[in-house]
Amino acid sequence: MGTWRTHFIGELRSTHVGQQVRLCGWVNTTREHGDLLFVLVRDRTGVAQVRIQQSRDAGGDSRLWATAVELGLEFCVRVTGTVALRPDDARNPDMPTGDIEVTPVEIEILNDCPPLPFPIHRETEISETTALKYRYLQMRRPSLARVIRLRHELVLCLRNLMSGMGFIEIETPLLTRSTPEGARDFLVPSRVYPGRFFALPQSPQQYKELLMIGGVDRYFQFARCLRDEDARADRQAEHTQLDFEMSFVDREDIIEVLEAIYGGAAERFSSKRLQRIPIPRMSYHEAMHRFGSDKPDLRFELELVDLSPVFTGCSSPSLAKAAAAPDEVVRGFAVPGGGGWSRKELDALVDPATGTGGIAWVALKEGALRSSPLKSALDGDRLDALRRATSAGPDDLIIVAGGLRRKTLESLGRVRVAMGRKLRLIDEDVLAFAFIIDFPMFEWNADEGRLEPVHHMFVLPKTEHIPLLDTAPLEVLTTQVDAVCNGYELCSGSLRIYTPALQKKVMGLIGITDEDAQRKFGHLLTALRFGAPPHGGAAPGLDRLLMVLLGTDRMSDVVAFPKTYSGRDLLMDAPAEVDPAQLADLHLRVEPPREGV
Ligand code: ASP
């Protein structure tokens, strides 16, 4: 314990009665009661009561009293005294230290504290701006202190798990060159090499592959990944991944490691129940078609079904086209009891601002059509067919959408989640993990008119699909595996391309010229020539995992020093302007922002 103190405050129990203790911490609350003053003192382990008596006759000490009445909230103090049993009627069973109190002989004020921007001892709501600006004060609250500690324990548990499975921890550089993961790079200008820049790693992807070529065989690290993209509730510009890579493996081996990670973490750190063991697998195609998402929330049903047969040849030109065209779909699902919802509720379903454009609804009442924008398309026995296809009850609402495959499925997926929430179908006590497999290798970027990797360009296609790279690249499926839980993507991984010829071919398909490939990725292409082993790995996000385990949807709840949604560090006030001399050292000049940028 050192010489400053003898015990942690939260550890004091009746077994310590009679012992001399020295405690350090903060004043949590003070309460005057006649000639008694009760001060709750807190450190990271908990609080304990210190009892100070005023009157000299009853054993009080005027010097002590004078100090005690000076105490304000969050003063930093040291208390020296004796542990005593509280009188029976003063015991507090809700407090771990509630059987005892400390009778002080000395109270030292180590540092005082001005009025606080928010209370520490009461967990009141704090605005995001105030919370982030005074994060160190928020951290004194037991709620955040507990999460920070839990994060440490999770990291420790995972580190031991990985080491136990034969992985070795290796740090890779932060100052490096771009490893594309689909976001913008953060760049660091070089002072020594004018006009040159390091890129901060979006992930250690290339390094971990180089480690496999180096014969390391099994690597892991808790890697900081820096991506210059807009923050969202569940995403920040920097995040941490449990990055791992292994040699001479199949996709199955990667899944096995992920199962150990997620199974172990859930068992130890969550009171929620795993929905299914072993963790189920689902193809990307199935996830998109049944749930409208490649990270489906499997805690509730509301599955999408095919409605093309219902609308084939119907009078709505767009639905008839969607029912016939190979790259379009018509799908939907029934919402139990939604047939009686008001017009306002129904219109809210199709608000394009929430990414649910193209959605239509059919409201039923006692089995008949109550209202629907699709009324004219539901002629003849189409309404019956629609009811049968969706297994709709007599007073249900049926959601229908038709159009280009991915856009339509994603719209339906968003409405599905909104319905699950509205109808309170989501079982909050469950962790519904799944592995999503058989992802396509590419998607078409219509804005840039080129193929783009769905994950990244180092992913190995399925062996039997390699010939399709030449003929039908959009049909190529890969060895990618994503772990998802409760609607969050927790992790992506895959086997990797390990021959230079195939890697060059994939680079070519996404529009990287031979010259650029050599300039930007020459190191990897060269390394792959030196007997590179077949390898693969994944990178479970640590922040998201903790979010799911704790049941929060805000990443800022699980990070010690988070940034705002707009990417600012309010505590340190960053990003900040720098001295002109620093810019000159870096050979940089700042131009005023261009119009519209
Ligand atoms: N580097 C990948 C990512 O950050 C993970 C992987 O493929 O291992 O998503």
Side-chain angles (χ1 to χ4, degrees), residues 158 162 167 169-174 176-186 199-213 216-229 234-247 249-262 284 294-295 435-443 452-462 477-485 488-498 503 506 510 521 524 532-545 555:
L158 295 175
M162 296 306 282
F167 289 84
E169 188 168 2
I170 303 176
E171 289 164 77
T172 54
L174 278 181
T176 176
R177 70 178 298 155
S178 178
T179 274
E181 294 280 358
R184 271 201 198 95
D185 288 322
F186 282 106
L200 300 179
Q202 292 188 34
S203 86
Q205 184 62 38
Q206 293 184 67
Y207 280 113
K208 65 176 173 173
E209 296 201 38
L210 293 167
L211 287 171
M212 295 305 104
I213 299 171
V216 164
D217 207 283
R218 287 189 163 211
Y219 134 95
F220 83 101
Q221 83 176 297
F222 289 93
R224 309 302 297 278
C225 299
L226 299 132
R227 302 180 185 179
D228 189 1
E229 54 193 353
D234 63 343
R235 186 172 84 183
Q236 296 244 330
E238 44 185 311
H239 69 275
T240 308
Q241 296 180 338
L242 168 48
D243 194 47
F244 72 85
E245 196 75 4
M246 52 214 288
S247 293
V249 288
D250 291 327
R251 187 178 69 186
E252 225 26 60
D253 301 301
I254 299 174
I255 289 182
E256 210 174 281
V257 174
L258 292 174
E259 264 168 349
I261 291 172
Y262 290 123
Y284 168 83
D294 60 1
K295 36 183 183 300
F435 291 121
I436 311 297
I437 53 176
D438 294 346
F439 278 82
M441 177 109 190
F442 304 109
E443 59 198 350
E452 210 169 54
V454 165
H455 184 28
H456 53 57
M457 62 179 163
F458 311 111
V459 173
L460 183 69
K462 292 182 118 183
L477 299 182
T478 67
T479 56
Q480 180 182 343
V481 42
D482 277 13
V484 302
C485 185
Y488 286 102
E489 179 194 315
L490 294 188
C491 156
S492 286
S494 72
L495 299 178
R496 323 294 187 188
I497 295 172
Y498 61 94
Q503 188 62 75
V506 168
I510 59 175
F521 302 104
L524 184 69
H535 60 283
L542 187 70
D543 314 278
R544 290 250 178 102
L545 174 57
M555 188 161 156

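Throughout, numbering of the chain's residues begins at 1 and tracks the sequence. Counting starts at 1 for both ligands and their atoms, in listed order.
- Counting non-hydrogen atoms of neighbouring residues, nucleotides and ligands closer than 6.0 angstrom, the OH atom of Tyr498 reaches no more than 12 such neighbours.
- Using a 4.0 Å heavy-atom criterion, the residues that approach ligand 1 are Glu181, Ser203, Gln205, Lys208, Arg227, Gln241, His455, His456, Ser492, Gly493, Arg496, Gly537, Ala538, Ala539.
- With sequence neighbours excluded, no residue forms a ring pair (Phe, Tyr, Trp, His ring centres under 6.0 Å) with Phe442.
- Take Phe220 and apply the ring pair (Phe, Tyr, Trp, His ring centres under 6.0 Å) test, not counting sequence neighbours, and it matches no residue.
- Aromatic ring pairs are classed by plane angle as parallel below 30°, tilted from 30° to 60° and perpendicular above 60°; the pair Phe244 and Phe167 is perpendicular.
- Looking at Ser492 and Asp482, their side chains do bring a donor and an acceptor atom within 3.5 Å of each other.
- Among residues two or more places apart in sequence or in another chain, the ring pair (Phe, Tyr, Trp, His ring centres under 6.0 Å) test is passed with His239 by none.
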